[in-house]
J.: 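Quick one: the structure is below, and I'll ask about it shortly.
Quick note: residue numbers are just sequence positions, from 1. The figures here come from the full heavy-atom set of this structure, side chains too, leaving out hydrogens, waters and symmetry mates.
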Amino acid sequence: MRSDEIKRGVDKAPHRSLLRALGYIDAELDRPMIGVVNSFNEIVPGHMHLNDITEAVKAGVRLAGGTPVEFPAIAVCDGIAMNHSGMKYSLASRELIADSVEVMAEAHRFDGLVLVTACDKVVPGMIMAAARVNIPAIVISGGPMMAGRFNGQNVSLSNIFEAVGRVRAGSMTEEELAGLEDSTCPGCGSCAGMFTANSMNCLTEALGMALPGNGTIPAVSAARRRLAKLTGMRAVELVNQGICPSDIMTMLAFENGLAVDMALGCSTNTVLHLPAIASEAGVDIDLDMINRVSERVPNLCKLSPMGSHFMQDLDEAGGISAVMAELSRKKLIRLDLPTVSGDSVGQVIEGRKIVRPDVIRSLDDPYSPGGGIAILRGNLAPGGAVVKKAGVAPEMLKHSGPARVFNSEEEAVTAINGKKIQKGDVIVIRYEGPRGGPGMREMLTPTATVMGLGLDRDVALITDGRFSGATRGASIGHVSPEAADGGPIAAVREGDIIDIDIPGNSLNVRLSDAETEARMKEWTQPEPRVKKGYLARYAKMVTSASTGAVLRRD
């Protein structure tokens with residue numbers, strides 16, 4: 001066992017003395033040592049119950065003959081960090097999480113890992129570390145939050161962000177907003193729609209790195225605690241069998257994950273996180289591959305914010321296993337791939353079927369013949385841009401309009417709230433990319449306000465930053481290269497006509513190459529917005545959104 005390096009032989013007497021100071025006895029030291037990474041804290045609703053989940057994991061580890069060793073990881077709540085400088089730290093926290101898990105796993109020579117996680121950047125950060133360290137590892141999420149109830153309707157976080165715009169538009173009172181505020185988030189778990197956290201937890205299951213149910217079993221359910229125990233037990237078995245992340249996270253597994261991504265209509269942030277995880281696993285996912293998968297896999301689900309269903313509905317409908325079983329009918333996923341359960345994908349989904357066809361449509365009656373996400377290219381985004389096309393109104397799939405140019409999210413929000421945006425406009429928010437932001441802020445406030453003002457069928461948003469998983473509408477993010485790196489988006493001026501063709505996968509500004517080049521000769525590199533601390537270091541090291549915004553390895 002790897003942990004023998006800290007507990008076996010005469011030379012390790014000092015190490016054992018320190019372990020005995022922790023209260024360990026010989027019987028515990030004779031067993032596999034399983035690191036249990038717990039991202040609990042008291043500020044993130046998705047994490048506030050993770051001590052409970054972690055205790056169930058540890059019970060499972062002991063039941064299977066292992067010794068659980070708990071240690072923490074940080075977690076940012078994107079909702080609380082939204083629309084202020086704190087959001088600069090959200091994506092950047094992913095790298096810190098990956099690095100810290102690597103440090104703890106390597107320094108203490110754990111035999112295996114259980115990754116107890118929940119929210120947006122924590123899930124990919126932990127899996128990135130698992131791929132990098134490549135010791136037996138398994139994921140268990142805290143599960144999704146139940147939908148709230150307001151005026152007889154199910155609601156979640158996207159509804160209250162959009163309600164702010166409705167108040168500004170005069171279609172909702174502040175008293176009604178206060179009632180919605182009290183009702184939106186009823187308790188623990190990742191916010192109840194198919195936002196980034198739930199997208200990543202579902203895709204972790206699709207990749208084969210979590211047991212069936214990981215993505216959809218509600219946080220409050222006893223079934224979530226039982227799953228946690230089974231996960232702890234399985235961690236010990238993975239160590240005994242020598243099954244590592246590299247055995248599971250292969251190119252074919254990522255193709256399965258992308259297929260499920262398209263069927264579910266996941267957050268556009270998956271286009272950042274899956275390539276980043278793949279990079280750590282030695283697998284190359286490029287944006288063209290994402291489009292190829294999107295072209296062949298239909299969109300089968302419309303969960304909030306795109307539709308009226310929530311994660312609890314997807315669980316009732318059969319969960320990720322039912323989605324994968326449906327995709328397998330037309331050979332859209334591979335069935336012969338291994339999973340952390342010990343069974344192949346085909347064995348995991350055998351006999352699973354759609355229980356609620358109103359939530360998961362069949363391949364014969366999809367919402368659209370292509371997937372929920374599209375990659376756009378053109379002279380405005382030669383390196384690519386991403387849009388959740390399943391959330392775009394039909395009349396906005398093709399759109400041309402004048403650019404309204406803003407050099408920060410705050411400038412754009414001020415203009416939107418001041419009702420200075422007209423029907424037909426294309427809002428351009430730049431210098432919010434991985435380097436320019438820095439941190440590639442998630443911008444739910446401008447998109448939700450546009451929705452609340454009733455302009456979602458008339459106005460598009462384009463940014464080198466990114467949008468929340470709770471975003472819907474013609475919101476195009478991840479424009480690469482970003483403005484801070486001298487990308488063409490830096491050359492756009494007020495009134496330039498921008499052409500959006502989502503079915504044609506194109507994004508262009510009506511400028512000749514010569515005009516763009518002339519404008520860029522006048523362009524100067526902006527001063528860094530942050531000049532000290534972690535974000536300053538991050539800005540110097542981060543790569544383009546088109547490569548997952550990972551850190552440079554040189």
Side-chain angles (χ1 to χ4, degrees), residues 41-50 52 75-84 86-87 118-120 141-199 201 215-224 267 301-317 356 358-359 391 417 442-454 456 467-473:
N41 62 46
E42 294 183 341
I43 190 66
V44 184
H47 296 243
M48 66 177 178
H49 63 305
L50 291 190
D52 184 18
V76 170
C77 177
D78 279 23
I80 296 174
M82 197 72 67
N83 193 23
H84 57 82
M87 178 49 75
C119 292
D120 300 27
S141 78
M145 185 185 291
M146 299 296 287
R149 293 285 292 175
F150 181 70
N151 288 346
Q153 300 292 321
N154 283 346
V155 294
S156 71
L157 190 66
S158 62
N159 297 100
I160 192 160
F161 270 94
E162 293 175 10
V164 173
R166 292 177 59 195
V167 170
R168 295 190 183 282
S171 60
M172 187 179 204
T173 67
E174 290 191 27
E175 290 75 17
E176 289 173 320
L177 180 66
L180 179 60
E181 177 183 326
D182 287 341
S183 307
T184 297
C185 299
C188 66
S190 302
C191 296
M194 187 55 80
F195 311 143
T196 305
N198 289 322
S199 293
N201 284 322
T216 60
I217 294 174
V220 295
S221 171
R224 175 62 57 179
S267 164
C301 301
K302 281 193 181 292
L303 280 78
S304 174
M306 298 187 301
S308 59
H309 297 126
F310 295 83
M311 294 304 297
Q312 64 212 55
D313 299 304
L314 181 59
D315 191 59
E316 283 183 16
R356 286 183 56 184
D358 61 317
V359 179
N417 286 337
E442 194 172 81
M443 291 181 279
L444 178 56
T445 295
T447 59
T449 305
V450 165
M451 292 291 303
L453 290 170
D456 59 298
F467 293 117
S468 166
T471 291
R472 55 191 172 124

J.: Using a 3.5 Å cut-off and no angle test, enumerate the donor-acceptor pairs between side-chain atoms of residues 146-156 and protein atoms at least two apart in sequence or in another chain.
T.:
unit_1	atom_1	unit_2	atom_2	d
Arg149	NH1	Gly152	O	3.4
Arg149	NH1	Asn154	OD1	2.9
Arg149	NH2	Gly152	O	3.0
Ser156	OG	Ser304	OG	3.4

J.: Okay, side chain of Arg224, backbone of Ala219: is any donor-acceptor separation there less than 3.5 Å?
T.: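 No.
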J.: Please report the closest heavy-atom contact between Gly179 and Ser183, naming both atoms and the distance.
T.: O-OG, 2.9 Å
J.: State which residues pass salt bridge (charged side-chain N to carboxylate O under 4.0 Å, His left out) with Asp78; sequence neighbours excluded, sorted by chain then number.
T.: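 For Asp78, the residues satisfying salt bridge (charged side-chain N to carboxylate O under 4.0 Å, His left out) (neighbours in sequence not counted) are Lys121.
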J.: Return the SG to CE distance between Cys301 and Met194, rounded to the nearest 0.5 Å.
T.: 7.0 Å
J.: By the salt bridge (charged side-chain N to carboxylate O under 4.0 Å, His left out) test, which pairs, at least two apart or in different chains, include something from residues 162-173?
T.: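 Listed by first then second residue: Glu162-Arg472.
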J.: Ser267: which residues meet the side-chain contact (heavy atoms from CB on, under 4.5 Å) condition with it, sequence neighbours left out?
T.: Thr196, Ser199, Asn269
J.: In chain order, what residues pass the side-chain hydrogen bond (donor to acceptor under 3.5 Å, both in side chains) check against Asp315, with sequence neighbours excluded?
T.: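 Partners of Asp315 under the side-chain hydrogen bond (donor to acceptor under 3.5 Å, both in side chains) test: Thr216.
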J.: Check side-chain contact (heavy atoms from CB on, under 4.5 Å) between Asn41 and all other residues, then give those that pass, not counting sequence neighbours.
T.: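 Scan of Asn41 (side-chain contact (heavy atoms from CB on, under 4.5 Å), adjacent residues dropped) gives Ile43, Val44, His47, Ala75.
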J.: Between the main-chain N or O of Ala197 and the side-chain N or O of Asn201, is there a donor-acceptor pair closer than 3.5 Å?
T.: yes
J.: Under the salt bridge (charged side-chain N to carboxylate O under 4.0 Å, His left out) test, which residues partner Glu176, sequence neighbours left out?
T.: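 Glu176 satisfies salt bridge (charged side-chain N to carboxylate O under 4.0 Å, His left out) with no residue once adjacent residues are dropped.
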J.: Going by side-chain contact (heavy atoms from CB on, under 4.5 Å), name the residues that satisfy it together with Asn83, two or more places apart in sequence or in a different chain.
T.: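 If we apply the side-chain contact (heavy atoms from CB on, under 4.5 Å) test to Asn83, skipping adjacent residues, the hits are Glu409, Val413, Thr445.
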J.: Check salt bridge (charged side-chain N to carboxylate O under 4.0 Å, His left out) between Asp182 and all other residues, then give those that pass, not counting sequence neighbours.
T.: none
J.: Under the rule for side-chain hydrogen bond (donor to acceptor under 3.5 Å, both in side chains), what residues qualify as partners of Thr447, not counting sequence neighbours?
T.: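 Testing Thr447 for side-chain hydrogen bond (donor to acceptor under 3.5 Å, both in side chains), a comparison that skips the adjacent residues, returns Thr471.
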J.: Is there a donor-acceptor pair closer than 3.5 Å between any side-chain N or O of Asp456 and the backbone N or O of Val450?
T.: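 A pair under 3.5 Å: no.
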